[in-house]
Amino acid sequence: MKINQMKNALYILMAAVFFYSCKDGAASKAVETKPASSSQLFYNGDIITMNSDTPEYAESVVEQNGKIVFVGSRKDAEAKYPEVERIDLKGKTLLPGFIDPHSHFGMVSNSMGQVDLNPEPVGTVTNIPDITKKIKAYKVDNNIPDGEWIFGWGYDDGQLEEKRHPTKSEIDAVLPNNPVYLQHTSGHMGVANSMALKKMNVTAETPNPDGGNIERMPNSKEPNGLVQETAMYPFVGNMLQILAKDQAKYFDATQEYYASNGITTAQDGMTDRNTIKFFQSQADAGKLKIDLIALGGNNDLKANLKDSTIHFKTYKNHFKVQGTKIVADGSPQGKTAFFTKPFKTEVPGCSHDCRGLPSLSKEALNDLFVTAYADDNQLFIHSNGDATIDMVIEAHEYACAQLNQPLDKDRRTIVIHSQFVRPDQLATFKKYNMEPSFFTNHAFFWGDEHVKNLGKERAGFLSPMAIAIRIGLKPTNHSDATVTPVNPLFTIWSAVNRVSRSGATIGESEKATPYQALQAITTNAAYEYFEEDSKGSLSEGKLADFVILDKNPLKVDAMAIKDIQVLETIKEGKTVFKKQ
């Protein structure tokens, strides 16, 4: 597989997936989709409509044939629908179904066939010996023969006791006869053992590729196993080819996992052409119980635009390709995001002015914008550092000038992550009708690392939801699963509290209210996909996509939001998950 073909794989492979059991250890399972009755009336609970910028409650909501037909008083509902099936919420909370602004459905599936190397609270790894023990046990437990590839995901050097990446020699010591590739939690780097390096033709003579780094042994050109950014693409491409055979095996389990988290619309955040065909085949076979949205890869943009089988922004059997994903830089915790100011700590493979890496040249990014805008193709651009966001804004301006299009046309270009966007860039987003999709989970998982690497001021402005909302933007907020847990309630919690692993607050002034955090995964997320007329709030005529929670996120203590349980998920009037 060539390097340019592998770029589409980069963000399909991320680095951590949430455990599938309930937070409190209680039994939980997905249920088979069951036929809805002719109409259902939900009452006797906190029914949050999400119909305005302040919380509004309804006494009842009626679903009929998969759509909402009534929102209002129970008395009026029963008068209008006397034969309705009555669903007593018993004081629980009903909301519009959660809409996933950005994750990687395909890699959640793929992670089910790999070794889990996540640190707490997602996994159990604390040091490098834990990693080597787990990968050795995986070979034994799964009867993997010598010579067969073994993959792991989710290790985080910043959370290991050694505060470094494992090396090829440490992996060789326990698995000398298998090629091994372990993906870092950021999804922007990984470690290969000697056999894997040999199979991928990486030697002391191999030069660093443009936009990437092959880390070397001290005082030597010999690779130590760590490959970053474009240097990891061959390993990722190889892994995806090998794992592709198990796509169907884990498809149902993956959508049930999303449904168990209250999600009625999921995203696959960068999808190659073969996987687009696979998803559509699953949809056409009637296997989708929730909606699934795919983003094509930027290297496939021209091919996808010419493909008569792809109808962008249009569902077919609960699946659609919405637009195109561009990866424009790396990760802040991996120190490969592209900044205007340098990192404050040592950066592997860099000796001075270490500001990270853009993944594309200015010219390449400009060309992608022109191609997409000429065909009204919606763009979703991965951009963490402020220097990358400058490139994105300039590409937008360039494309509009080349095509003689208005700068503020309603394209809804989405700048994914926008982790370290500057205030002036947010103002430009507003001016140009661009929107950020934030990633506040970083405050918990890597907030402490960002303070060390970037300084308190920059770290405190990560994913600045409060100011974005204040100036009139409609930000969404995502998990980027498998990078962090897909759980939307944790995402709400991180936006509201911005608490790090150490208990520090990362940017007090940028805390969102619980209601704003809910908007980011309901109304604003529907807007991101041009679906505000059919999803995101409880209004007559919209789809009957609901989630029922055991507590109201607007009424519990802010620190308790992450402990709220999803009791039931309903897609177009049909239960697709129910906690037992």
Side-chain angles (χ1 to χ4, degrees), residues 4-12 101-102 104 211 267-273 275-277 279-280 293-315 319-329 338 358-384 388-418 421 425 428-437 473-474 476 478 525 527-531:
N4 64 349
Q5 293 174 313
M6 294 168 186
K7 288 185 178 179
N8 285 336
L10 175 60
Y11 263 73
I12 300 173
H102 181 65
H104 298 270
Q267 187 195 100
D268 189 57
M270 193 167 185
T271 317
D272 62 43
R273 286 175 54 76
T275 306
I276 287 173
K277 292 177 181 178
F279 286 154
Q280 189 63 67
I293 293 172
L295 308 180
N298 56 265
N299 283 330
D300 290 333
L301 174 57
K302 290 182 179 179
N304 286 341
L305 291 175
K306 293 177 182 178
D307 190 338
S308 61
T309 67
I310 297 176
H311 303 282
F312 286 95
K313 303 178 186 175
T314 303
Y315 282 108
F319 174 72
K320 71 172 174 176
V321 182
Q322 181 69 19
T324 300
K325 169 74 174 293
I326 299 173
V327 178
D329 73 350
F338 186 38
S359 299
L360 296 167
S361 69
K362 176 181 177 180
E363 293 73 21
L365 188 61
N366 287 351
D367 288 346
L368 285 168
F369 268 71
V370 170
T371 301
Y373 282 8
D375 214 288
D376 199 26
N377 188 258
Q378 189 179 7
L379 288 180
F380 298 73
I381 311 97
H382 163 105
S383 306
N384 272 307
T388 314
I389 297 171
D390 280 337
M391 291 176 64
V392 168
I393 290 171
E394 289 165 8
H396 172 89
E397 293 169 338
Y398 175 85
C400 292
Q402 290 291 308
L403 299 168
N404 195 28
Q405 292 182 357
L407 286 163
D408 62 352
K409 179 181 176 180
D410 187 15
R411 304 175 186 85
R412 302 187 198 179
T413 297
I414 308 298
V415 187
I416 296 174
H417 305 328
S418 290
V421 63
Q425 293 171 328
T428 303
F429 286 179
K430 175 62 177 172
K431 180 180 177 182
Y432 291 167
N433 265 329
M434 303 168 78
E435 294 288 348
S437 183
L473 289 166
K474 297 180 178 68
T476 60
H478 58 259
Y527 179 83
E528 175 181 307
Y529 296 130
F530 289 87
E531 296 188 52

Between [atom1] of [X] and [atom2] of [Y], what distance do you get to the nearest 0.5 Å?
X	Y	atom1	atom2	value
F279	T271	CZ	OG1	5.5 Å
S359	N298	OG	CG	9.5 Å
H104	K325	NE2	NZ	4.5 Å
I326	L379	CD1	CG	4.5 Å

* To do: Using the side-chain contact (heavy atoms from CB on, under 4.5 Å) rule, take V421 and V415 through it: C-alpha gap first, then chi angles, then the decisive distance, then the call.
  => CA-CA 10 Å; V421 63; V415 187; over 6 Å; no
* Asked: Side-chain contact, heavy-atom cut-off 4.5 Å: H102 with T476?
  ->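 No. Closest side-chain heavy atoms not under 4.5 Å.
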Looking at [X] and [Y], would you say the former's side chain and the latter's main chain have a donor-acceptor pair under 3.5 Å?
X	Y	value
D329	T388	no
E435	K474	yes
D300	A303	no
Q402	V370	no
Q267	P101	yes
Q378	E528	yes

* Determine, using ring centers only, whether Y432 and H396 are less than 6.0 Å apart. =>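 Centroid distance H396-Y432: below 6.0 Å, so yes.
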* To do: Go through the steps for E531 and K320 under the test side-chain contact (heavy atoms from CB on, under 4.5 Å), then give the verdict.
  => CA-CA 12 Å; E531 296 188 52; K320 71 172 174 176; 3.0 Å; yes
* Can you check side-chain contact (heavy atoms from CB on, under 4.5 Å) on N433 and K409, steps first, answer last? -> CA-CA 7 Å; N433 265 329; K409 179 181 176 180; over 6 Å; no
* To do: Using the side-chain hydrogen bond (donor to acceptor under 3.5 Å, both in side chains) rule, pick out the option among H382, H417, H478 that qualifies with S437.
  =>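 So, applying the side-chain hydrogen bond (donor to acceptor under 3.5 Å, both in side chains) to S437 and each of H382, H417, H478, only H478 qualifies.
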